[in-house]
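Read the structure below first, then the notes.
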Amino acid sequence: MTTDLPKEKLVEMYQKMLQIRGFEEKLFELYSQNLVPGTIHLYAGEEAVAVGVCSSLRKEDYITSTHRGHGHCIAKGADLKRTMAEILGKKTGYCKGKGGSMHIADFSIGMLGATAVVGAGLPIAVGAGLSVKLRKTDQIVACFFGEGASNQGTFHESLNMASIWKLPVVFVCENNLYAMGTRQSIAMNIENIADRAVAYGIPGVSVDGNDVLAVYETACKASERARGGEGPTLIECKTYRHRGHSRVDPARYRPKDEVAEWLSKDPIKRFRDKLLRFGVVEGEIQAVEKEVSLQIEEAVRFAMESPYPQPEEALEDVYA
Amino acid sequence: MRKITYRDALREALIEEMHRDASVFLLGEDIGKYWGGAFKVTDGLAQEFGEERVRDTPISESAIVGTAVGAAITGMRPVAEIMFGDLTALAMDQIANQAAKIRYMFGAQAKCPMVVRTPFGAGVNIASHHSQSLEAWFMHVPGLYVAVPSTPFDAKGLLKTAIRGDNPVLLCEHKLLYPLEGEVPQDDYTVPFGVADVKREGSDVTVVAVLFMVHKALNAAKELEKDGAISVEVVDPRTLTPLDRRGIIKSVKKTGRIVIVTEDCRTAGVSAEIAAVVAEEALDYLDAPVKRVAEPDTPIPFSPPLEKYVIPDEKSIIKAVKEVV
Ligand SMILES: Cc1ncc(C[n+]2csc(CCOP(=O)(O)OP(=O)(O)O)c2C)c(N)n1
């Protein structure tokens with residue numbers, strides 16, 4: 001296996017993946033200490049998807065996200081400190097504490113926000129794509145959603161509309177095999193979500209979602225197609241969440257050997273091995289790892305030390 | 001009498017009705033053997049009744065409710081679960097335009113005996129998409145009944161009435177009520193629709209409250225009796241459609257004052273309808289203006305201090321009561 005990518009790009013991708021993993025593992029810990037209000041849906045295990053896709057995007061491109069959205073934010077370039085602060089409900093968070101874990105947004109980097117209504121992000125991505133077309137910019141939109149979301153009516157409506165209007169949208173299905181406790185085979189009679197693309201007359205590609213370079217390559221093709229005015233693509237990334245659906249879910253519905261098999265396909269471990277083979281030296285990798293753990297510590301400190309919003313701020317920002 | 005939780009009371013109602021009537025079946029996301037419902041109401045039912053009658057569905061709210069409609073008008077009695085009340089928005093067409101109108105629109109050829117169960121309410125920091133109280137939306141839909149049980153006893157009895165009835169019913173549950181314990185008889189019973197329940201007798205002021213607010217109103221009433229010697233009557237309508245206008249007015253005639261406490265936002269909310277009923281039918285008995293305690297007109301924010309600020313609490317109820325007495 002070879003790659004044309006410059007070393008800096010590879011290391012940057014590795015760093016982003018590590019940031020996501022470190023961030024999520026830290027959150028898991030903080031949650032156990034009762035420091036995270038509400039619930040959290042961790043992205044650990046799926047890092048290659050967000051990083052592979054977002055690495056194919058430009059800063060001005062858009063993404064839409066889901067309840068499992070921390071990884072999308074970080075991959076698109078969100079600040080770890082403000083992301084962590086939002087999840088802890090602090091005033092310094094991206095949404096002033098109004099949104100929390102399931103609703104992070106950073107419009108300054110094209111991150112159009114996470115919706116917790118499964119499937120609700122797809123039409124919004126189509127709308128952003130339409131806006132790009134009407135405004136005649138050359139931005140594109142990447143729309144993340146789970147395989148569970150692909151059973152919503154919005155999936156059908158959105159792919160069809162994006163297709164007939166040739167909108168610059170890349171639909172990214174994160175197929176982690178389960179929607180809460182519902183195994184994919186209970187909820188649909190097909191194995192590959194990508195097959196659904198046929199119904200809309202657009203390309204559909206299934207890719208190893210734990211291989212960041214494979215995701216990146218596929219996303220680059222889809223992005224080029226979108227930017228070139230040829231319309232949307234459906235990419236299905238086969239992946240697996242390392243932990244339960246939400247923080248309190250022990251995920252007993254998943255067979256042990258299945259979990260073990262997927263853990264052995266850890267996208268970060270795989271990419272690390274690859275980096276070594278591509279000639280990135282161990283010392284360089286360790287330096288990145290060290291830097292990331294410091295960044296995470298800093299994000300936690302920032303979030304913990306930040307104040308909560310004042311209660312009356314609840315009344316602000318209802319209307320523009 | 002034995003005490004069980006609100007969650008167990010709902011489950012018992014489902015079990016007993018499924019044994020009683022083979023046409024009753026359940027459908028919803030993750031209600032089956034792998035999860036037992038997001039709030040565990042249907043835990044164990046797939047094992048007991050099989051996956052044919054306790055059906056895990058794809059994430060497809062519109063089709064879940066629509067499927068229930070189709071089954072209901074052809075002889076079944078479906079009970080659908082929508083995992084969070086906020087997500088009824090995705091099924092709104094099937095609830096409001098289809099289920100609720102089928103009988104009327106088709107000249108009474110059909111009936112649509114179905115139940116949609118769903119939890120509303122804030123208080124666990126899960127933000128704007130998982131915390132709303134949308135009961136009022138459904139009060140605006142003729143043809144649909146809206147039940148709002150606040151205790152295990154009411155939950156079981158109202159759910160049974162809903163399942164046995166011949167109309168579509170939205171059974172509004174509340175996330176914070178599931179672990180609440182209360183007395184529930186072993187024997188079969190039902191709670192009729194349209195009959196308010198006086199949860200506490202009093203003489204100075206009527207507090208009408210629904211769902212979790214009933215318990216906050218009861219706490220406030222205790223407090224008021226202790227330190228202010230104000231006697232509060234707490235009235236729980238138990239169903240919003242049909243609304244027990246007479247029950248509410250009867251209490252107002254006795255106390256001459258009313259405070260309405262709901263968790264939904266104020267404008268055009270549940271409290272607005274109740275206030276209008278009192279204004280229309282009991283104005284002459286009022287010694288003070290109608291008072292409402294409700295959420296301000298905002299989405300539910302995530303951060304704990306923000307969320308706490310918008311949810312009515314005992315303090316705001318006590319303040320409102322003192323203002324009218
Ligand atoms: C419309 C809607 N239905 C149900 C839920 C409850 N819910 C939250 S996440 C989830 C599973 C989503 O599965 P999938 O889309 O595959 O994403 P994953 O969690 O696997 O990343 C469900 C059912 C919701 N938030 N919104």
Side-chain angles (χ1 to χ4, degrees), chain A residues 36-39 67 85-91 93 95-104 114-120 146-155 178-184 186-188 245-246 249 251-254 307-319, chain B residues 28-40 43 46 51 55-64 66 82-84 86-91 93-94 122-132 175 265 267 295-311 313:
Chain A
V36 187
T39 186
H67 59 285
E86 184 59 36
I87 295 168
L88 298 197
K90 299 302 181 74
K91 188 179 166 65
C95 312
K96 308 178 191 175
K98 294 249 170 64
S101 165
M102 288 191 281
H103 306 288
I104 305 176
T115 169
V117 177
V118 171
E147 91 290 343
S150 78
N151 288 326
Q152 283 286 25
T154 51
F155 171 88
Y178 293 85
M180 289 184 60
T182 302
R183 212 188 147 73
Q184 183 190 344
I186 296 175
M188 59 184 92
H245 165 72
S246 57
D249 167 29
R252 292 210 187 87
Y253 44 82
R254 305 195 301 191
Y308 283 108
Q310 290 301 311
E312 310 78 53
E313 288 174 40
L315 304 179
E316 294 170 5
D317 301 328
V318 178
Y319 296 97
Chain B
E29 294 159 16
D30 279 290
I31 68 166
K33 66 179 178 203
Y34 299 103
W35 205 291
F39 293 92
K40 301 276 188 254
D43 204 17
E51 288 166 38
R55 308 186 78 90
D56 268 325
T57 67
I59 307 175
S60 310
E61 284 77 7
S62 177
I64 292 168
I82 297 295
M83 197 181 286
F84 287 91
D86 314 68
L87 309 174
T88 57
L90 283 77
D93 173 63
Q94 291 295 338
V124 291
N125 309 119
I126 47 177
S128 300
H129 286 165
H130 285 87
S131 306
Q132 299 169 84
K175 293 174 196 84
C265 55
T267 299
E295 240 152 37
D297 292 331
T298 73
I300 308 292
F302 161 70
S303 183
L306 302 181
E307 190 189 50
K308 185 167 181 297
Y309 182 76
V310 302
I311 308 172
D313 59 7

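Please read all numbers here as calculations on a predicted model, not as lab measurements. Naming: A, B, ... by sequence-line order, numbering from 1 per chain.
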- Query: So, for Val318(A) and Pro299(B), which heavy atoms are closest and what is the spacing to 0.1 Å?
  - Reply: CG2-CD, 4.3 Å
- Query: Which atoms of His67(A) come close to chain B, meaning under 4.5 Å heavy atom to heavy atom: side chain ones, backbone ones, both, or neither?
  - Reply: neither
- Task: Give a yes or no on this: more than 12 heavy atoms of other residues, nucleotides or ligands lie within 6.0 Å of atom NZ of Lys175(B).
- Result: yes
- Item | Heavy-atom contact with chain A under 4.5 Å, split by part of Val124(B) | backbone
- Contacting moiety of Val117(A), where chain B heavy atoms sit under 4.5 Å: both
- Query: When only pairs under 4.5 Å are counted, which of Ala187(A), Cys95(A), Ala120(A), Ala116(A) shares the most heavy-atom pairs with chain B?
  - Reply: Ala116(A)
- Reported CZ-to-CD1 distance for the pair Phe155(A) and Ile59(B), which is rounded to 0.5 angstrom: 13.0 Å
- Message: Less than 4.5 Å apart, side chain to side chain, heavy atoms only: is that true for His130(B) and Met102(A)?
- Response: yes
- Message: Show the nearest heavy-atom pair for residues Ser303(B) and Pro309(A), with the distance to one decimal.
- Response: OG-CD, 3.6 Å
- Query: Counting only heavy atoms not in Lys40(B), do more than 12 fall under 6.0 Å of its NZ?
  - Reply: yes
- Count the heavy atoms of every other residue, nucleotide or ligand shown that sit under 6.0 Å from OH of Tyr253(A), and state whether that count exceeds 12. yes
- Do Thr182(A) and Asp30(B) get their side chains close enough for a donor-acceptor pair, meaning under 3.5 Å? yes
- Note on the structure: One should read off an interatomic distance between Thr154(A) OG1 and Leu90(B) CG, to the nearest 0.5 angstrom, of 7.5 Å
- Taking every heavy atom of Pro304(B) against every heavy atom of Tyr308(A), the minimum-distance pair comes out as CD-CE2, 4.4 Å
- Measuring from Ser101(A):OG to Ile126(B):CD1, what's the distance to the nearest 0.5 Å? 11.0 Å
- Message: When you measure from the side chain of Thr298(B) to the backbone of Leu315(A), do you find a donor-acceptor pair of N or O atoms at a distance under 3.5 Å?
- Response: no
- Query: Where do Leu306(B) and Ala314(A) come nearest, in terms of heavy atoms and distance?
  - Reply: CD2-N, 3.6 Å
- Structural part of Asp86(B) lying under 4.5 Å from a heavy atom of chain A: neither
- Item | Side chain / backbone / both / neither for Ile186(A) at chain B, heavy atoms under 4.5 Å | side chain
- Query: Can you say whether Thr115(A) sits under 4.5 Å from chain B via the side chain, the backbone, both, or neither, judging by heavy atoms?
  - Reply: both
- Message: So for Lys96(A), is it side chain, backbone, both, or neither that comes closer than 4.5 Å to the heavy atoms of chain B?
- Response: backbone
- Message: If I compare all heavy atoms of Ala127(B) with all of His103(A), which pair ends up nearest, and what's the gap?
- Response: CB-CD2, 3.6 Å
- Do the side chains of Trp35(B) and Met180(A) get nearer than 4.5 Å, heavy atoms only? yes
- Is it the side chain or the backbone of Ser60(B) that comes within 4.5 Å of chain A heavy atoms, both, or neither? both
- Item | Segment of Glu316(A) engaging chain B (4.5 angstrom heavy-atom cut-off) | neither
- Between Glu61(B) and chain A, which part of the residue has a heavy atom less than 4.5 Å away: side chain, backbone, both or neither? both
